[in-house]
Amino acid sequence: MTDHLHLSGVSHGYGDRELFHAVDLAIHHGEHVAIVGENGAGKSTLLRLMAGVETPDDGTAGLAGNSGYRVGYLAQTHGFSESLTVGDTIDTSLASLRSLEARILELEAGLADADSDELELYGSLQTEYQLREGYAAESRVEAALNKLGLGGLDRRRTLGSLSGGEQERVALACLLADPAEALLLDEPTNHLDASGTAWLESRLAAHRGTVVVVSHDRVLLRKVATTIIEVDADRRAVNRYGNGYEGYLREKAAERARWIQQYEEWLDAMAAERLQAATVADGMGYGRKRDNDKMAFGFKTGTWQSAAASKVRNAQERLRRLEDNPVDRPPVPLKLAAPMGVTALAASEPALEAHGVSAPGRLQPTHLRVEAGQKVLITGPNGAGKSTLLSILAGTLEPATGSVTANGKVGYLQQELEVPARPGLRLLPAFAAGLGGNIDEHAEGLLRLGLFRPAEFHVPVGSLSAGQQRRLALARLLLGGYDTMIVDEPTNHLAPVLVEQLQAALASFEGTLVIVSHDRALGEWFDRCARADVAVEHRSGPVGTGGHWVRYGMQGGVLL
């Protein structure tokens with residue numbers, strides 16, 4: 001049997017919410033697959049079922065084939081204890097390889113007296129060790145840590161002393177130090193900068209085994225995935241698409257067009273049968289024009305009415321068959337329809353101005369002036385000080401030196417969302433909290449925004465996925481009526497289609513915008529906007545200086 005990951009007749013959910021119903025799926029050795037879908041649809045759950053971390057409510061899931069086939073799984077949040085040191089974490093990840101090495105050394109010590117079975121075992125273990133490149137495991141760890149921006153990290157430090165992003169990068173480096181035949185990764189680029197993401201892409205693309213990745217990174221999807229699996233939340237199913245990410249987009253557009261056409265044809269057929277029945281029924285009793293032959297008239301009228309009644313019955317039967325076999329209405333796709341018409345501040349005063357702000361070890365003394373209506377993108381490697389600068393600009397972090405002047409109402413979307421203080425609070429009241437007005441107005445506004453459907457309004461916020469919580473925070477920002485929006489990694493956890501629509505909404509925002517992002521596709525879009533802007537200058541430092549769209553880089557706590 002060919003080694004593969006599979007789901008067979010899988011139904012699974014949480015509480016009274018079923019995510020999958022009777023799903024069959026097989027991913028064969030060597031396939032490079034990306035899992036996409038709306039936030040909260042069940043992408044991470046699907047990956048956990050494949051990895052064997054969760055057991056389905058019904059059906060079977062996991063690995064079929066060779067029992068020696070290894071599966072490596074990286075969750076969005078690592079499963080290591082924060083009391084472990086970095087060195088302990090690496091040792092734990094390499095335990096299988098080191099156990100293999102110890103067994104080889106044990107057999108080597110007795111080779112002189114070994115029988116044929118022991119010699120055969122020794123040879124097979126040596127082959128496995130060489131295929132796994134066991135001799136290079138330590139150097140791979142160091143290389144991975146370097147590529148992920150953690151070169152020189154003290155292995156005596158505990159995971160708890162590292163930031164969340166640093167912890168996730170350590171876990172990723174450990175996974176790739178001894179890569180399993182099948183790699184299952186959940187949003188691996190969330191905490192990576194551009195160079196780290198590019199390195200990961202090359203590693204995954206070159207992996208000779210199976211790769212299954214849940215990701216919203218559009219560049220990674222294009223470069224790594226040859227197959228796309230979409231989690232369909234409305235049908236509680238999964239759909240497979242070939243020809244990579246671009247092929248998936250084309251097929252999805254064609255598929256939706258066919259569905260809409262079938263639905264409209266079904267509606268038209270229903271209307272036609274209703275009209276046929278009503279028209280014939282209305283004509284009954286009037287018959288043809290009366291003549292002098294009363295007997296013939298009565299006979300012919302009866303015949304006509306009998307035929308008309310038969311036509312009505314036939315139309316009603318056809319209508320009944322159509323009603324018994326309906327074409328489901330195509331679901332309205334989630335969209336971003338934000339009311340972005342905030343009036344920009346007067347051009348004579350800046351929206352934000354930082355005067356020599358700093359944070360020890362994170363941000364050198366920095367001066368920044370953001371003009372009213374300006375769009376600013378700040379990029380740079382992990383640890384460069386980007387989020388620190390945004391926190392100071394937003395007023396959530398007090399600078400060690402300097403000050404910030406803000407004109408107008410400022411809204412802030414931070415990168416790491418806080419754990420809900422009231423996890424049992426429903427989504428709609430959580431959205432409306434502190435915004436004033438009545439709940440019906442907030443429900444209407446949230447629906448108009450298009451980030452949530454009415455059925456989700458009553459879901460407890462503690463049960464929301466990371467992506468849904470991100471959408472909730474984004475909704476509160478977009479409907480807050482802010483003159484200036486400060487946004488840290490806005491594309492994290494958002495489905496690709498929503499990211500595209502978010503870009504369009506932000507482009508139409510009349511207020512001031514400051515963004516930190518490592519999303520390369522968003523950076524490319526930003527530069528296209530800058531090139532289309534007036535007075536664009538290309539030089540070292542900001543791109544688009546003097547125009548409406550400005551890009552800054554950061555390195556080592558310094559704004560370039």
Side-chain angles (χ1 to χ4, degrees), residues 32 44 47 51 53 70-101 129 131-215 217 219-220 223-224 380-384 387 415-416 489 492 518 520:
H32 286 194
S44 295
L47 205 65
V53 176
R70 295 181 302 123
V71 176
Y73 170 61
L74 180 74
Q76 285 194 43
T77 54
H78 67 82
F80 297 110
S81 168
E82 292 195 350
S83 63
L84 286 177
T85 66
V86 173
D88 293 336
T89 307
I90 294 171
D91 290 341
T92 300
S93 300
L94 296 179
S96 170
L97 195 58
R98 287 173 174 163
S99 175
L100 177 61
E101 183 180 17
Y129 192 71
L131 288 174
R132 291 170 65 174
E133 298 179 346
Y135 298 106
E138 281 290 344
S139 62
R140 281 200 303 273
V141 171
E142 288 301 329
L145 290 173
N146 277 323
K147 293 294 185 180
L148 297 175
L150 296 174
L153 181 66
D154 187 346
R155 294 195 178 188
R156 293 170 297 180
R157 289 185 60 180
T158 63
L159 293 182
S161 70
L162 305 178
S163 70
E166 288 172 331
Q167 293 180 31
E168 296 305 320
R169 282 179 278 153
V170 167
L172 178 58
C174 289
L175 180 76
L176 296 178
D178 179 27
E181 287 85 356
L183 294 176
L184 280 59
L185 302 97
D186 197 351
E187 297 289 2
T189 65
N190 273 354
H191 299 282
L192 303 185
D193 56 23
S195 62
T197 301
W199 173 80
L200 177 63
E201 283 173 355
S202 64
R203 283 295 304 268
L204 295 182
H207 186 60
R208 288 174 291 184
T210 306
V211 174
V212 184
V213 56
V214 172
S215 181
D217 188 315
V219 177
L220 183 143
K223 290 186 176 181
V224 172
N382 288 312
S387 295
Q415 180 180 355
E416 300 293 340
E489 300 293 359
N492 276 6
H518 68 274
R520 293 161 296 164

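This is a predicted model, so every value here is computed, not measured.
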K.L.:
Donor-acceptor pair, Glu489 side chain versus His518 backbone, under 3.5 Å?
P.N.:
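Here the side-chain-to-backbone pair exists.
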K.L.:
Do Thr77 and Glu168 make a side-chain contact, defined as non-hydrogen atoms from C-beta onward lying under 4.5 Å apart?
P.N.:
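Yes, close enough: below the 4.5 Å cut-off.
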K.L.:
So, do Leu94 and Val141 sit near enough that their side-chain heavy atoms are less than 4.5 Å apart?
P.N.:
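In short, these two side chains touch, coming nearer than 4.5 Å.
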K.L.:
Working to the nearest 0.5 Å, report the span between CZ of Arg169 and CG of Leu200.
P.N.:
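It comes to 12.5 Å.
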K.L.:
Between Leu185 and Leu204, is any pair of side-chain heavy atoms under 4.5 Å apart?
P.N.:
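They are in contact (side-chain heavy atoms under 4.5 Å apart), so the answer is yes.
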K.L.:
Quick one: pull up CD in Glu201 and CZ in Arg520 and give me the separation to the nearest 0.5 Å.
P.N.:
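Rounded to the nearest 0.5 Å, the CD-CZ separation comes out at 4.0 Å.
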K.L.:
Could you walk me through whether Leu162 and Val86 pass the side-chain contact (heavy atoms from CB on, under 4.5 Å) check?
P.N.:
CA-CA 10 Å; Leu162 305 178; Val86 173; 4.1 Å; yes
K.L.:
Taking His32's backbone N and O only, do any of them form a donor-acceptor pair with His207's side chain (distance below 3.5 Å, no angle check)?
P.N.:
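Such a contact is absent between His207 side chain and His32 backbone.
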K.L.:
Checking Thr189 side chain against Leu192 main chain: does a donor-acceptor pair fall under 3.5 Å?
P.N.:
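Between the backbone of Leu192 and the side chain of Thr189 there is no qualifying donor-acceptor contact (under 3.5 Å).
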K.L.:
Roughly how far, to the nearest 0.5 Å, is CZ of Arg208 from CG of Leu131?
P.N.:
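Leu131 atom CG to Arg208 atom CZ measures 7.5 Å (nearest 0.5 Å).
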K.L.:
Is there a donor-acceptor pair closer than 3.5 Å between any side-chain N or O of Gln167 and the backbone N or O of Leu159?
P.N.:
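Yes: the side chain of Gln167 pairs with the backbone of Leu159.
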K.L.:
Compare every heavy atom of Ser83 with every heavy atom of Thr158, then report the nearest pair and how far apart it is.
P.N.:
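The answer is CG2-O, 3.8 Å.
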K.L.:
Write down the atom of Ala51, the atom of Val71, and the distance for their closest heavy-atom approach.
P.N.:
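Here Ala51 and Val71 meet closest at CA-CG1, 4.5 Å.
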K.L.:
When rounded to the nearest 0.5 angstrom, what is the spacing between NZ in Lys147 and OG1 in Thr197?
P.N.:
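Rounded to the nearest 0.5 Å, the NZ-OG1 separation comes out at 13.0 Å.
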K.L.:
Would a distance-only check, ignoring hydrogens and angles, find a side-chain to backbone donor-acceptor pair under 3.5 Å from Arg203 to Leu176?
P.N.:
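Yes, the answer is positive, given that a donor and an acceptor are paired below the 3.5 Å cut-off.
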K.L.:
Verify salt bridge (charged side-chain N to carboxylate O under 4.0 Å, His left out) between Arg155 and Glu138, making sure each step is shown before the conclusion.
P.N.:
CA-CA 13 Å; Arg155 294 195 178 188; Glu138 281 290 344; 3.4 Å; yes
K.L.:
Over all heavy atoms of both residues, which pair between Asp186 and Ser44 is shortest? Give the atoms and the distance, please.
P.N.:
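So the minimum-distance heavy-atom pair works out to OD2-OG, 2.6 Å.
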K.L.:
Quick check: closest heavy atoms across Leu220 and Asp217, and the distance to 0.1 Å?
P.N.:
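So the minimum-distance heavy-atom pair works out to N-OD1, 3.0 Å.
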K.L.:
Taking all atoms of both residues into account, what is the closest heavy-atom pair of Pro188 and Val214, and its distance?
P.N.:
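So the minimum-distance heavy-atom pair works out to CD-O, 3.7 Å.
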K.L.:
Considering only heavy atoms from C-beta outward, does the side chain of Ile90 approach that of Cys174 to under 4.5 Å?
P.N.:
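Of all side-chain heavy-atom pairs linking Cys174 with Ile90, at least one is under 4.5 Å.
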K.L.:
Apply the test side-chain contact (heavy atoms from CB on, under 4.5 Å) to residues His191 and Leu172: give CA-CA distance (whole Å), side-chain angles for both, the deciding distance (0.1 Å), then the verdict.
P.N.:
CA-CA 10 Å; His191 299 282; Leu172 178 58; over 6 Å; no
K.L.:
Within the distance-only criterion (no hydrogens, no angle test), does the side chain of Arg70 pair as donor or acceptor with the backbone N or O of Pro179 below 3.5 angstrom?
P.N.:
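Here the side-chain-to-backbone pair exists.
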K.L.:
For residues Leu74 and Ala171, report the shortest heavy-atom separation together with the two atoms involved.
P.N.:
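The pair with the smallest heavy-atom distance is CD1-CB, 3.9 Å.
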K.L.:
Have Arg132 and Ser96 got a donor and an acceptor in their side chains that come within less than 3.5 Å?
P.N.:
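The answer is yes; a qualifying pair exists.
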K.L.:
Check for a donor-acceptor pair, side chain of Ser93 on one end and backbone N or O of Thr89 on the other, with a separation under 3.5 Å.
P.N.:
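The answer is yes, because a donor-acceptor pair under 3.5 Å joins these two groups.
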K.L.:
Can you find a pair of side-chain heavy atoms, one from Leu175 and one from Tyr73, that are under 4.5 Å apart?
P.N.:
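The answer is no; the side chains never approach within 4.5 Å.
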K.L.:
Is Val170 close to Leu153 at the side-chain level, that is, under 4.5 Å between some pair of heavy atoms?
P.N.:
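Yes. Closest side-chain heavy atoms under 4.5 Å.
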